[in-house]
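Notes follow once the structure below has been shown.
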2 protein chains.
Amino acid sequence: MATPAGRSAPKTQEMLRFEHFLRGRKLKLTGERLAILAAVFGSGKHFDAETLHAELRSAGGDISRATVYRTLDLLVQSGLVRKNSLGANHANYEAALGNEHHDHLICLGCNRVIEFYRSDLESLQDAICSEHAFRPLHHSLQIFGVCAACKDTADEGRILERLAQIHT
Amino acid sequence: MATPAGRSAPKTQEMLRFEHFLRGRKLKLTGERLAILAAVFGSGKHFDAETLHAELRSAGGDISRATVYRTLDLLVQSGLVRKNSLGANHANYEAALGNEHHDHLICLGCNRVIEFYRSDLESLQDAICSEHAFRPLHHSLQIFGVCAACKDTADEGRILERLAQIHT
DNA sequence: TTTTTTGCAAATCGTTTGCACGCTG
DNA sequence: CAGCGTGCAAACGATTTGCAAAAAA
């Protein structure tokens, strides 16, 4: 565990932020939390708790599912991680550091998630909120459909079935 | 159950549509299904399975939760009902007949759900999809925040707590 | 040493399902 | 009367929680 005499390993942005967050709440920086943080920022963009748990396990660790959930929750609270649904019946997560807000196109053929950001969409939403004297704090836009890669190969039947199961 | 001699009770739009849907699938029109249909179209805009089940129960009926879920599923498939999430950890539903597509503003103070429709928002989404060669089939936009009525009274702490629990 | 964390297994919660009986077409 | 539909209770899958042991501050 220890770093070579007197030299600390380079701390990543996310580590610094997480430490700061934990300190602010008088919480402790444990090996498990660090391992999860590293896995989150090392893995692909979108993942779920189960996948993360599996990755940690195959990476040699032995962290319980409970700790994974508990830590993901902390990461979300700290703002380092975002929680999405993406139409699944389980939560999806994504690292939020160096990854500004965006919305999602979700392919029902291959499950690919395409991120997009459009300032005009954002301002249109703001305008709508104004009209309703509504103060927006958060929004979630998910567009489900078929991506370019699946356009020709996708089986319509299966697509529609998936569409029906969307939990959004 | 029977209607007075020779005169059938007026059938509502939704009954006709549901009957048609069921016939098309060789499914049966049962008393339970009719009762649920009536409750759905008689109740407020947004509701969940549990609430619906309770309403049916207090209305004298004795329909099992399983049947409620099974029937809601049929209603969704028939297009008579829409299933939403509204940020809750359980599904929400709304009657879809005579109720065109719209998106939602959800107040974290009082749970009020404000519906809105903006064609420019819709076409902007279409434009975004085109740019990505993505064929949209369905979308869900939910904006969480504080409505006009709660603007002054809402407790920020509670609001933020609610925000953190959003399962979207 | 004091306090927080962890792993475990049991508990929840919303929802689904297998089965034996009941009702519709 | 042949199929569907229903209620029940058990099964489910994702997530949460109580508790005693383990680790950080």
Side-chain angles (χ1 to χ4, degrees), chain A residues 1-2 15 18-37 47-54 56-57 61-78 81 83-93 161 164-168, chain B residues 1-2 15 18-37 39 47-54 56-57 60-78 81 83-93 161 164-168:
Chain A
M1 290 291 98
M15 275 188 218
F18 196 32
E19 281 187 27
H20 179 262
F21 169 80
L22 293 174
R23 231 179 290 117
R25 296 200 177 195
K26 301 194 201 305
L27 300 180
K28 295 173 178 177
L29 184 61
T30 68
E32 288 84 347
R33 286 176 181 167
L34 277 177
I36 292 171
L37 181 69
F47 59 92
D48 57 35
E50 188 54 36
T51 304
L52 179 59
H53 182 235
L56 286 163
R57 181 164 284 285
D62 195 18
I63 296 175
S64 75
R65 216 182 308 273
T67 297
V68 170
Y69 278 107
R70 286 188 278 230
T71 303
L72 279 172
D73 194 42
L74 288 175
L75 288 169
V76 169
Q77 286 175 234
S78 76
V81 165
K83 191 176 186 177
N84 303 127
S85 111
L86 305 185
N89 56 323
H90 58 262
N92 273 275
Y93 300 86
E161 196 180 300
Q165 294 171 345
I166 286 177
H167 178 290
T168 250
Chain B
M1 297 293 100
M15 276 190 217
F18 197 32
E19 281 187 27
H20 180 260
F21 168 81
L22 293 174
R23 231 180 289 118
R25 297 201 177 195
K26 300 193 202 303
L27 300 179
K28 297 173 178 174
L29 184 62
T30 67
E32 289 83 347
R33 287 176 180 167
L34 277 177
I36 292 172
L37 181 69
F47 59 92
D48 57 36
E50 188 54 36
T51 304
L52 179 59
H53 182 234
L56 286 163
R57 182 163 283 285
D62 194 16
I63 297 175
S64 74
R65 214 181 311 271
T67 296
V68 170
Y69 278 106
R70 286 189 278 232
T71 303
L72 279 171
D73 195 41
L74 288 175
L75 288 170
V76 169
Q77 286 175 234
S78 76
V81 164
K83 192 176 183 177
N84 303 125
S85 112
L86 305 186
N89 55 323
H90 58 262
N92 272 275
Y93 301 85
E161 196 180 300
Q165 296 171 344
I166 286 176
H167 179 291
T168 250

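Proteins come first, then strands; the chains are lettered A, B, ... in the order of their sequence lines, and each starts at number 1. This is a predicted model, so every value here is computed, not measured.
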[atom1] of [X] versus [atom2] of [N]: gap in Å, rounded?
{"X": "B/R23", "N": "C/dG25", "atom1": "CZ", "atom2": "P", "answer": "10 Å"}
{"X": "A/I63", "N": "C/dC8", "atom1": "CD1", "atom2": "P", "answer": "12 Å"}
{"X": "B/R65", "N": "C/dT15", "atom1": "CZ", "atom2": "P", "answer": "10 Å"}
{"X": "A/R25", "N": "D/dA25", "atom1": "CZ", "atom2": "C1'", "answer": "19 Å"}
{"X": "B/R70", "N": "D/dG5", "atom1": "CZ", "atom2": "C1'", "answer": "7 Å"}
{"X": "B/H90", "N": "C/dC13", "atom1": "NE2", "atom2": "C1'", "answer": "11 Å"}
{"X": "A/E32", "N": "C/dC8", "atom1": "CD", "atom2": "C1'", "answer": "14 Å"}
{"X": "A/K28", "N": "D/dA22", "atom1": "NZ", "atom2": "C1'", "answer": "11 Å"}

Starting from the 5' end of DNA chain C, give me the residue, B/D73 or B/L27, whose nearest nucleotide shows up first.
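Per heavy-atom nearest nucleotide, the more 5' residue is B/D73.
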Report yes if the side chains of B/R57 and B/D62 come closer than 4.5 Å at any heavy-atom pair, otherwise no.
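The answer is yes; the side chains approach within 4.5 Å.
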For B/V81, which of B/L37, B/V76, B/L74 qualifies under side-chain contact (heavy atoms from CB on, under 4.5 Å)?
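Looking at B/L37, B/V76, B/L74, the match for B/V81 under the side-chain contact (heavy atoms from CB on, under 4.5 Å) is B/V76.
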Proximal nucleotide (of D/dG7, C/dG25, C/dG7) relative to the B/S64 side chain:
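Nearest listed nucleotide: D/dG7.
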Categorize A/D62 for me: base, sugar-phosphate, or nothing, with a 4.0 angstrom heavy-atom threshold over every strand shown.
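Sugar-phosphate contact only.
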Measuring from A/S64:OG to A/L56:CG, what's the distance to the nearest 0.5 Å?
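Rounded to the nearest 0.5 Å, the OG-CG separation comes to 10.5 Å.
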Between CG on residue B/D73 and NZ on residue B/K83, distance to nearest 0.5 Å:
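Answer for the CG-NZ pair, B/D73 versus B/K83, is 6.5 Å.
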Quick check on D/dC4: is either OP1 or OP2 less than 4.0 Å from any side-chain nitrogen or oxygen of B/T30?
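No, outside the criterion.
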State whether A/Y69 places a side-chain N or O below 4.0 Å from either non-bridging phosphate oxygen (OP1 or OP2) of D/dT15.
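Yes, within the criterion.
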